[in-house]
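Single-structure report; data block below.
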Amino acid sequence: MDVPETVVLEQEQEEEALISGSEAIAVACKLADVDVITAYPIRPYDTVMQYVAKLVANGELDCEYIVAESEHSQFEIVKHAAAVGARVFCGSSGVGWMYAFEALTVTPALRLPVVAMVGNRALDDPGAFGVEHNDALAVRDLGWMLVWVDTAQEALDTALIAWRVAEDRRVFLPCAIGCDGAFLTHSQSLVRIPPKSKVQKFLPRYDRGDLLLHPDNPITIAPQVNEDWLMEIRKQTDEAMRRAKGVIEEAYRDFENTFGRVYGNPFFEEYQTEDAEVVLVGMGTLSMPVKVAVRQMRQKGKKVGFVRIRWFRPMATQELQACLSRFKAVGVIDRDFSLGSPYMSGVLANDIRSVLYSASARPAVVGFICGLGGREVTVPDVRQMVEILEKAASGEPVEPTYWIGLRE
Amino acid sequence: MSTQTQVLEPFKGVKKVPLEEYFTAGHRTCQGCESALVMKLMVKAAGPRTIVLGSTGCMYVANTTYYSTSWVVPWMHTQLGSSGSAALGTAAGLKALMRKGKIKEEPINVIAFCGDGGGADMGLSAISAALTHSEYNFLILLYDNESYANTDIQVSGLTPWGAHTTFSPPGSMRRILHRRWKKNVAGMLAAGHPECRYVATVCASYAVDMMNKVRKALSIGGPTFIHSIDPCPKGWDYDPMLSHELGELAVLTGVWPLYEVENGVLKLYGKTKAIAEGRQKRLPVREYLLRQGRFAHFTDEDIEYFQSKIDEMWEKWLIPGVIPFRKELEKELEKEE
Ligand SMILES: Cc1ncc(C[n+]2csc(CCOP(=O)(O)OP(=O)(O)O)c2C)c(N)n1
Ligand code: SF4
Ligand SMILES: [Mg+2]
């Protein structure tokens, strides 16, 4: 009989499917053989759980699939499952993510490698389903690794990388994958799905070692430490985040070797920056209109480029500085806001200012707050930003922050 | 895992209780702290193949100082409102790993404890959800010291009517600031979760009974719930010597009925059973209340009110001490028709 042979062949072969960003991450859960998944409904992330539920119902994914009664419980359940050695997946959007906030704060402190998808969404009130990055960014100081993806393919690949990095003993930190609501969560594209055998090679078993909560290893987790030890423990978490950077690089190299898909620099993608004089910087799916606009402006002879940041935490400070200090002006597009912050800018703009402060050549930095509440970032919006940047590059006075695409 | 649970037969008398302790020296609870005793008995009853999760409160803060943890079994903190989710997540993790052959298959007890504040206020929704997940085995134990004790004794949803706490002090204008009646948590959870196989109330003054309820809860399978009344010398304001006696008085005055609901069957036990069957008279609540400083501002009128509420619980409730609907309900409806 040739049946077993066929099966082996199928398992080894890559498949191609037309799927959304959410479905791509559900597929990643299956490939990664996740043990515990918790769901709670909120748009737009919850599409991932609809796909997960189907996979479970069809016997394609063997996991404990728990529909929790709140996001707080959702994240607490996976936190505790991870403590006994289970590979876990979870996610949320907007105010749901904020409802889980207490659980989100303790997860990195406990060094538990929870992998979550954030279907980025505005923090209503007033009611809005569309993308804003303030939800995921709220955990930026706490020890969550934060990565933004642009396509369904990148979502699948990054999810596999996220477990690999998060569950690395040198790291043991949670990782959230930012997926722009609607633009990525609900948009389909062709995705190459790797065979499970290769994923198993890339992604070793989660081994909690002597930190495992089990009767064979009777430890006490999270005792009262107060001023005696808290600072040292915080420092350990800081060291883990520092190490994460190297572990991420390692994971991408291995990813390329295993799957043959090449991302190059893991931390950010450069687009037509080689001879650029001004560049835009942003995260997530706004790369699509920005890239179109860059191409159009290049045809008119403008030296403009784009840098899309993937890993926001840990941030690749040195590499970003080396990259951005080459230009005359840098425009940072924030799909978020940070009211009352320096220059009344967005979160990313001020981080980039900070990255560049110690550079010997410091370009002008302009913040653009744009595309809030799911509003589309249009090609004319991008052109307007570049015009401002050109002024800044030639030394003309500009504002530190602009709201772009705002109705008069 | 594990439709299987550990088979924990009841201890047949105090002399049959093993000597091994799994909650030992190293804690810093107040002298006479009944909740600390509950911890000790709870885990003694459960034995070494147990994971304990504890929500924030005295039994976290005072028991697990870094480098001097009192827990011999694996222990993990959980957030104030997360005892339900902690139990569920731990049990789910173990179940997945055992089913998939990633760890050795064996029944491991999972116990999550919470205080009255963490469990009956903030964590109620997570506990309620957890009790509906019949496929996982765990016990949630609520140790009820009747206040947010660790933060300096504040009123919770389980603080008795009128009690003096730092958030409900008696004043010159208002003698009684706390005017809410204590929630009926065990009854609510038993009635509200028909698939839950075991709910019990306990009092550690009756230690062997208490341990045997824990053993039954862990053996019976599925999610289970135990509610323990814990005299707290600091919050209730009495001589630490009296903890044991106050636990007994809570039962003997009928303020704290002892019962278990096992596979849908309600059984009163201990002195409560004797009272219900008329073999023993309920003591007046005055004897219980006036031993505690938190009721020192009570007038005779207040004590009478308290007594009348307890009488009502015993005489008017559909199931005395458990289900607070009035028997008269049906008759009234008939009259209206
Ligand atoms: C979300 C949250 N809010 C408030 C607190 C502060 N807090 C710590 S312990 C505690 C008291 C908890 O009371 P209870 O659950 O009854 O336990 P007890 O201290 O009485 O043992 C509170 C309110 C906290 N830890 N977490
Ligand atoms: S305050 Fe009460 S519950 Fe807390 S340690 Fe003291 S006696 Fe025990
Ligand atoms: Mg309490």
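Every value quoted in this text rests on a predicted model; they were computed, and no experiment measured them. A note on names: the letters A, B, ... follow the listed sequences, proteins ahead of strands, and every chain is numbered from 1.
Both the backbone and the side chain of B:V61 come within contact range of chain A, judged by heavy atoms closer than 4.5 Å. Heavy-atom distances place both the backbone and the side chain of A:S73 under 4.5 Å from chain B. If you measure heavy-atom distances from A:V67 to chain B, the contacts under 4.5 Å come from the backbone alone. For chain A, the nearby part of B:V72 is the backbone; its heavy atoms alone come within less than 4.5 Å. Interface remark: A:L213 contributes backbone and side-chain atoms alike to the contact with chain B (heavy atom separation under 4.5 Å). Residue contact with chain A, scored on non-hydrogen atoms closer than 4.5 Å, involves the backbone and the side chain of B:T78 alike. B:T50 touches chain A through its backbone: at least one of N, CA, C or O sits under 4.5 Å from a heavy atom, while the side chain does not. For A:V106, the part sitting under 4.5 Å from any heavy atom of chain B is the side chain, from C-beta outward, and nothing else. Contacts between A:L212 and chain B at a heavy-atom distance below 4.5 Å are absent for every atom of the residue. Only the side chain of A:R205 comes within contact range of chain B, judged by heavy atoms closer than 4.5 Å. Interface residue A:V36: only side-chain heavy atoms are found under 4.5 Å from chain B. Contacts of A:D216 with chain B are made by both backbone and side-chain atoms, with heavy-atom separations under 4.5 Å. If you measure heavy-atom distances from B:K102 to chain A, the contacts under 4.5 Å come from both the backbone and the side chain.
Between chain B and the residues A:E102, A:Q224, A:Q74, the most heavy-atom pairs under 4.5 angstrom are made by A:Q224. Between chain A and the residues B:S128, B:A126, B:S68, B:G123, the largest count of heavy-atom pairs under 4.5 Å involves B:A126. Of the residues considered (A:D228, A:V225, A:I219), A:I219 shows the highest number of contacts with chain B, using heavy-atom pairs under 4.5 Å. Contact count versus chain A (heavy atoms, under 4.5 Å) is highest, among B:I103, B:T69, B:L97, for B:L97.
A:E60 CD: more than 12 foreign heavy atoms inside a 6.0 Å radius. Other residues, nucleotides and ligands contribute at most 12 non-hydrogen atoms within 6.0 Å of the NZ atom of B:K40.
Residue B:V110 is tested with B:N137, B:T90, B:L88, B:V52 for a side-chain contact (heavy atoms from CB on, under 4.5 Å); the sole match is B:T90.
No donor-acceptor contact under 3.5 angstrom links the side chains of B:T166 and B:D152, judged on distance only. Between the side chains of A:S70 and A:H72, no donor N or O sits under 3.5 Å from an acceptor N or O. With hydrogens and angles left out, the side-chain atoms of B:T56 and B:H77 include a donor and acceptor closer than 3.5 Å. Side-chain atoms of B:T24 and B:E21 form no donor-acceptor pair, as typed in the model, at a separation below 3.5 Å.
No close placement of the A:W97 and A:Y45 rings is indicated, their centers lying 6.0 Å or farther apart.
Between B:Y60 and B:W75, the ring planes are parallel. Angles under 30° get that label, and only those over 60° would be called perpendicular. Ring geometry for B:Y143 against B:F113 counts as perpendicular: the plane angle is over 60°, on a 0 to 90° scale with 30° as the lower cut.
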As a quick check of understanding, evaluate ring-ring contact (aromatic ring centres under 6.0 Å, His included) for B:W71 and B:F23, giving each step before the final call. CA-CA 5 Å; B:W71 295 97; B:F23 173 84; 5.0 Å; yes
